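Report on the structure given below.
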Amino acid sequence: MSRRLVPVDRRILEQNIKARYHAGDIGTQDALHLFDELLQCAGSSSIRAINYLVTTVGRDCPALGVSLFNRVASANVAPNSITYTILVDCCCRAGRLDLGFAAMGHIIKMGFAADAIVTFSHLLNAICAEKKTSYAMDIVLRIMPMFNCVPNIFSYSILFKGLCNEKRSQEALELIQVMVEHGGSCQPNVVSYSTVIDGLLKEGLVGKAYSLFCEMLQRGISPNAVTCSSIISGMCKAQSMDKSEEVLQQMLDRRILPDVTTYNSLIHGYYSSGRCKEVDRIFQEMSRNGVQPNIVTYNIQMDYLCKSGRCAEARKIFDSMIGLGQKPDVTTYSILLHGYAMEKSFHEMHCLIDLMVGNGISPDHHVYNILISAYAKEETVGEVMHIFTKMRQQGLNPNVANYGAAVNLLSKIGRMDDVMSQFNQMITEGLAPDIIVFTPL
DNA sequence: CTAGGGTTAG
């Protein structure tokens, strides 16, 4: 084989990968095969093609993306800054924030930090998902500028959402004010305002949310369907359905089209206040405006029926959903399961769990907690403990609500030694007890 | 390429 032919073959392969990537034409398996093929003849020109392949694999299976990176590193090809960005994203999505930090360390060492704005976003998302938003704030406000990486509106939005998720929406509000007063190039936009308005409303701070909304309008930023849906949802939560309707009317006046999420908020609000006639009206309005119900709409409807002791009707919706091609999700199953639990229909519960697993949906904390509570009410300790074992076998660590349900049962039947042992187990697993766990003690 | 809204459990 001549020296010249190899690079030509290689270039054809690289161009082929690039074209297929942009056409969205590579599956995970294809990518893995192409990766093997390319790595055999790869040279320094191959890194772009390698990046396409690692992106494709990592999208589907982040841990596999990380392992491909290791093979790149041991082959004779130097990763570039894009490769490291893909790596950080894969590490974070594989739940290995520690490896994400290590990769970021390489980026900084190589002097790529100033251009790593997207890489930082992946890292910030993962940090906030672990409820360490204070740390994320330090990165945005101090560490990124230290490396000449100027935080952008995405960086700040991740912080706003993280703070709101930690019920620190007032700090998010302060951060918005600081951005505005500072007058820098990065100013809050409709996403920033919507996020913080939503967070304030979820904490019941209606007045502050309203002031922020006014401030947004004054600054010439137009609300959109997301902003309005958050406000409608907040008004529903505050039992102010009339105000919700006012906001809906203002949306229509401003030509902001309500979408399925907007209508779902209203439907949930009316069900919660027991006004079913109004729900019918909203359904009609939806259909008139060409908005189709989705899985969440059905879940809301089923939840209402189950909680009104009408599981059979909820089941009819459930069965018709499958026919309509709307696949029930883990929430749908939880809702129906909870309905059966209230009826003490243990047989139906087990059939439903089997159906769920058969349809490829794994039970989550909610599902298990419905089972734990149902057995707890029957005071069958053995079954409750068995569910904990099953959860752990599935790699699902019980959460505070799961322990809460068990601790309440044990204290009710006077088994205080078992209460303490569950309590200690919970602490050992790094969980912070809440008021419900403490009450029996 | 990276950000925001609706549904479920003790």
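Just so you know, these numbers come straight off a predicted model, no measurement behind them. Worth knowing before you read on, the calculation uses all heavy atoms, side chains too, and leaves out hydrogens, waters and symmetry mates. Letters A, B, ... are given to chains in the order of the sequence lines, protein chains preceding strands, and every chain is numbered from 1.
- If you check every strand for non-hydrogen atoms under 4.0 Å, A/Val196 touches nothing.
- Residue A/Ser155 is classed as having no contact, given no heavy-atom separation below 4.0 Å to the nucleic acid.
- Residue-level contact check: A/Asn399 touches the bases, meaning some heavy atom is under 4.0 Å from a base atom.
- Using a 4.0 Å heavy-atom cutoff across all strands shown, A/Asn189 reaches at least one base atom of the nucleic acid.
- Against DNA chain B, the stretch residues 297-305 of chain A makes heavy-atom approaches under 4.0 Å through A/Asn299, A/Ile300, A/Asp303.
- Looking at residues two or more places apart in sequence or on another chain, you find a salt bridge (charged side-chain N to carboxylate O under 4.0 Å, His left out) between A/Arg93 and A/Asp89.
- At a threshold of 4.5 Å between non-hydrogen side-chain atoms, the residues A/Lys161 and A/Cys128 do not count as touching.
- When DNA chain B is scanned in the 5' to 3' direction for atoms under 4.0 Å from non-hydrogen atoms of chain A, the outermost contacting nucleotides are B/dC1 to B/dG10.
- By the 4.0 Å N-to-carboxylate-O rule, A/Arg281 lies close enough to A/Glu245 to be salt-bridged with it.
- A/Lys202 comes within contact range of the sugar-phosphate backbone alone, with a heavy-atom separation under 4.0 Å but no base atom that close.
- Here A/Asn294 lies in heavy-atom contact (under 4.0 Å) with a base.
- Residues passing the side chain to side chain contact (heavy atoms under 4.5 Å, CB included) test with A/Lys412 are A/Glu379, sequence neighbours excluded.
- The ring pair (Phe, Tyr, Trp, His ring centres under 6.0 Å) check on A/Tyr52 picks up A/Tyr21, A/His22, with sequence neighbours excluded.
- Residue contacts for A/Val407: at a heavy-atom cut-off of 4.0 Å it reaches no nucleic acid atom on any strand shown.
- The stretch residues 241-260 of chain A touches DNA chain B through A/Asp259, A/Val260, each having a heavy atom under 4.0 angstrom from the strand.
- For residues 302-328 of chain A, the pairs satisfying ring-ring contact (aromatic ring centres under 6.0 Å, His included) are A/Tyr271-A/Tyr304, A/Phe318-A/Tyr333, with sequence neighbours left out.
- A/Asn224 comes within 4.0 angstrom of a nucleotide base, judged by non-hydrogen atoms across all strands.
- Residue contacts for A/Lys307: at a heavy-atom cut-off of 4.0 Å it reaches the sugar-phosphate backbone alone, with no base atom in range.
- Among the atoms of the strands shown, none is found under 4.0 Å from any heavy atom of A/Ala376.
- By the ring pair (Phe, Tyr, Trp, His ring centres under 6.0 Å) test, A/Tyr156 pairs with no residue at all, sequence neighbours left out.
- Note on A/Val437: a base of the nucleic acid sits closer than 4.0 angstrom, heavy atoms only.
- Every pair passing salt bridge (charged side-chain N to carboxylate O under 4.0 Å, His left out) that includes a residue from residues 426-439 of chain A is listed here, sequence neighbours excluded: A/Arg392-A/Glu429.
- Residue A/Thr195 is classed as a sugar-phosphate contact, given heavy-atom separations below 4.0 Å to backbone atoms only.
- Contact annotation for A/Thr331: base contact, defined as any heavy-atom pair under 4.0 Å involving a base atom.
- Within the 4.5 Å cutoff, the side chain of A/Phe423 has heavy atoms near those of the A/Phe438 side chain.
- Within 4.0 Å of A/Ser230, counting heavy atoms only, lie sugar-phosphate atoms of the nucleic acid but no base atom.
- For A/Arg20, the side chain to side chain contact (heavy atoms under 4.5 Å, CB included) criterion is met by A/Asn16, A/Asp25, A/Ile26, A/Asp30, A/Leu34, not counting sequence neighbours.
- Note on residues 213-245 of chain A: no pairs pass ring-ring contact (aromatic ring centres under 6.0 Å, His included), not counting sequence neighbours.
- With sequence neighbours excluded, the residues that form a side-chain hydrogen bond (donor to acceptor under 3.5 Å, both in side chains) with A/Asp259 are A/Thr262.
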